[in-house]
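Here's the structure we're looking at; comments come further down.
FYI, the numbering just counts along the sequence from 1. Because only heavy atoms are used, hydrogens play no part in the values below, and waters and symmetry mates are left out as well, while side chains stay in. Values in this document were obtained by computation on a predicted structure and should not be read as measured data.
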Amino acid sequence: MNDWKNQLYDKYVSSGQAGGNLNRGAKLSTHDHPYFMRLISRHLPANKEAAVADIACGHGALLHCLRESGYRNISGVDVSAEQVALAHQSGVAEAVCENMGVFLKDKAGAFDVVFLMDILEHLERGELFELLGLVNGSLKNGGRLIIHVPNGEGLFGMRIRYGDLTHENCFTPQSMRQALVSSGFEDVTCFEDKPVVHGLKSFFRRLLWDVLTILPRLLLAAETGQKRFVLSQNMLVVARKP
């Protein structure tokens, strides 16, 4: 990894890029909690013994939600010592500080589900396909890969693409399918990151999103003749290993 990236990752929490809403030593809480809980309920197996790995787990918010949802066979890895330390201080002992490739190299067929949440955009092309190959090898046959990435098709996707100096890539549904199918995955589906309704405020946010995105959808349909577009800043991608 480049020295300048190591410098940024070493201060990933203190520079405000991650975990900024958490106090050291405090009980883990996250504004992403409703999103993660919906994600888990919709896309994970019902079997609570399923082996689940969160690659680039950050300060452990997703691992926390997995454990809260009853999943017991979970693990996470992140290269940022600050983030892993914050995860441990928040009670998420499953997070380890290690290189992703080192973590995955001896995990052939180990996992039912692998998460790659907000990590692929940090990788150069060669690193991207190397990681996807390792993840494919670590999944059981029929295992599921769940990805969250900046969306180049999104109305404000460039806020995410250029919101972090370590970002190298941005994706669209088309390029994401290209990368995943080329790496041995199938059944690739891309989802828009609409506001998750979990109260009155989020209900109105969702209502505004649904109404105000009608015009850009119509304009894109007029230009392309297509019907479905992913307009959020980020997108969720789910794929399966054959």
Side-chain angles (χ1 to χ4, degrees), residues 1-37 39-40 44 51-69 71-105 107 110-111 113-124 127-128 130-132 134-135 138 145-150 159-170 193 233-234 236-237:
M1 187 183 297
N2 296 325
D3 288 342
W4 64 267
K5 277 194 176 181
N6 284 325
Q7 180 180 345
L8 291 170
Y9 288 137
D10 285 345
K11 298 295 183 182
Y12 216 58
V13 174
S14 52
S15 66
Q17 281 295 338
N21 62 324
L22 301 177
N23 295 317
R24 292 184 181 276
K27 183 180 179 182
L28 181 63
S29 61
T30 170
H31 67 280
D32 290 326
H33 185 271
Y35 180 85
F36 285 147
M37 296 304 285
L39 169 61
I40 291 166
L44 260 69
V52 183
D54 185 9
I55 308 302
C57 64
H59 57 271
L62 176 56
L63 291 171
H64 171 80
C65 292
L66 285 165
R67 192 169 59 194
E68 185 178 325
S69 298
Y71 291 89
R72 293 173 283 273
N73 190 8
I74 61 176
S75 56
V77 61
D78 200 281
V79 73
S80 170
E82 273 197 340
Q83 294 224 70
V84 172
L86 187 55
H88 290 174
Q89 291 164 12
S90 302
V92 184
E94 295 87 355
V96 298
C97 186
E98 193 172 35
N99 176 276
M100 296 179 295
V102 174
F103 177 83
L104 288 168
K105 70 177 183 179
K107 302 291 196 307
F111 302 116
V113 180
V114 171
F115 284 95
L116 293 175
M117 304 292 284
D118 306 314
I119 178 57
L120 295 186
E121 61 269 25
H122 296 266
L123 306 180
E124 297 176 357
E127 295 172 324
L128 168 69
E130 180 180 2
L131 178 60
L132 289 176
L134 286 170
V135 169
S138 75
L145 172 60
I146 301 175
I147 297 170
H148 194 256
V149 289
R159 291 186 67 249
I160 307 300
R161 167 62 179 89
Y162 293 105
D164 189 328
L165 291 173
T166 64
H167 285 178
E168 301 280 356
N169 285 304
C170 192
D193 259 359
Q233 295 180 104
N234 294 293
L236 184 73
V237 185

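Taking NE2 of His64 as the start and OG of Ser90 as the end, the distance is 9.0 Å to the nearest 0.5 Å. Distance check, rounded to the nearest 0.5 Å: CD of Glu130 to CE of Met100 gives 9.0 Å. In this structure, the separation between SG on Cys170 and CG on Asn234 is 8.5 Å, given to the nearest 0.5 Å. Here the straight-line distance linking atom CD1 of Ile119 with atom CG of Asp54 works out to 10.5 Å at 0.5 Å rounding. To the nearest 0.5 angstrom, Leu104 atom CG is 9.0 Å from Asn99 atom CG. Atom CG in Leu123 sits 8.5 Å away from atom CG in Leu132 (nearest 0.5 Å).
In this view, Glu168 and Lys5 satisfy the salt bridge (charged side-chain N to carboxylate O under 4.0 Å, His left out) rule, not counting sequence neighbours. For Asn169, the side chain to side chain contact (heavy atoms under 4.5 Å, CB included) partners two or more places apart in sequence, or in a different chain, are Arg125, Phe171. Take His167 and apply the side chain to side chain contact (heavy atoms under 4.5 Å, CB included) test, not counting sequence neighbours, and it matches Glu121, His122, Ile160, Arg161, Asp164. Tyr71 meets the side chain to side chain donor-acceptor pair (under 3.5 Å) test with no other residue; sequence neighbours excluded. For Ser69, there are no side chain to side chain donor-acceptor pair (under 3.5 Å) partners at least two apart in sequence or on another chain. Not a single salt bridge (charged side-chain N to carboxylate O under 4.0 Å, His left out) links Arg159 to another residue, sequence neighbours left out. With sequence neighbours excluded, the residues satisfying side chain to side chain contact (heavy atoms under 4.5 Å, CB included) with Ala110 are Lys107. Not counting sequence neighbours, the partners of Glu94 by the salt bridge (charged side-chain N to carboxylate O under 4.0 Å, His left out) test are Arg67.
For the pair His148/Asp193, a side-chain contact is recorded, criterion being any heavy-atom separation below 4.5 Å from C-beta on. At least one side-chain heavy atom of Phe36 sits less than 4.5 Å from a side-chain heavy atom of Met117. Residues Ile74 and Phe115 have side chains not in contact (no heavy-atom distance under 4.5 Å, counting atoms from C-beta outward). Under the 4.5 Å side-chain criterion, counting only non-hydrogen atoms from C-beta, Leu134 is not in contact with Phe103. Contact check for Leu62 versus Ile40: side-chain heavy atoms found under the 4.5 Å cut-off. Contact of the Leu236 side chain with the Tyr35 side chain is registered, since non-hydrogen atoms from C-beta on lie closer than 4.5 Å.
Looking at Leu44, Ile146, Leu66 one by one, the single match for side-chain contact (heavy atoms from CB on, under 4.5 Å) with Leu39 turns out to be Ile146.
Heavy atoms only, all atoms of each residue included: Cys97 and Ser80 are closest at SG-C, 4.2 Å. Nearest heavy atom pair, residue Ser138 against residue Val114, reads OG-CG2, 3.8 Å. For Asp78 against Gly58, the heavy-atom pair with the smallest separation is OD2-N, 2.8 Å. Summarising the geometry of Leu120 relative to Leu128, their closest heavy-atom pair is CD2-CD1, 3.7 Å, with the distance given to 0.1 Å. What you find for Ala87 and Gly60 is that their closest heavy atoms are CB-N, 4.1 Å.
Side chain of His88 to main chain of Ala95: a donor-acceptor pair is present (N/O by atom type, distance under 3.5 Å, no hydrogens or angles).
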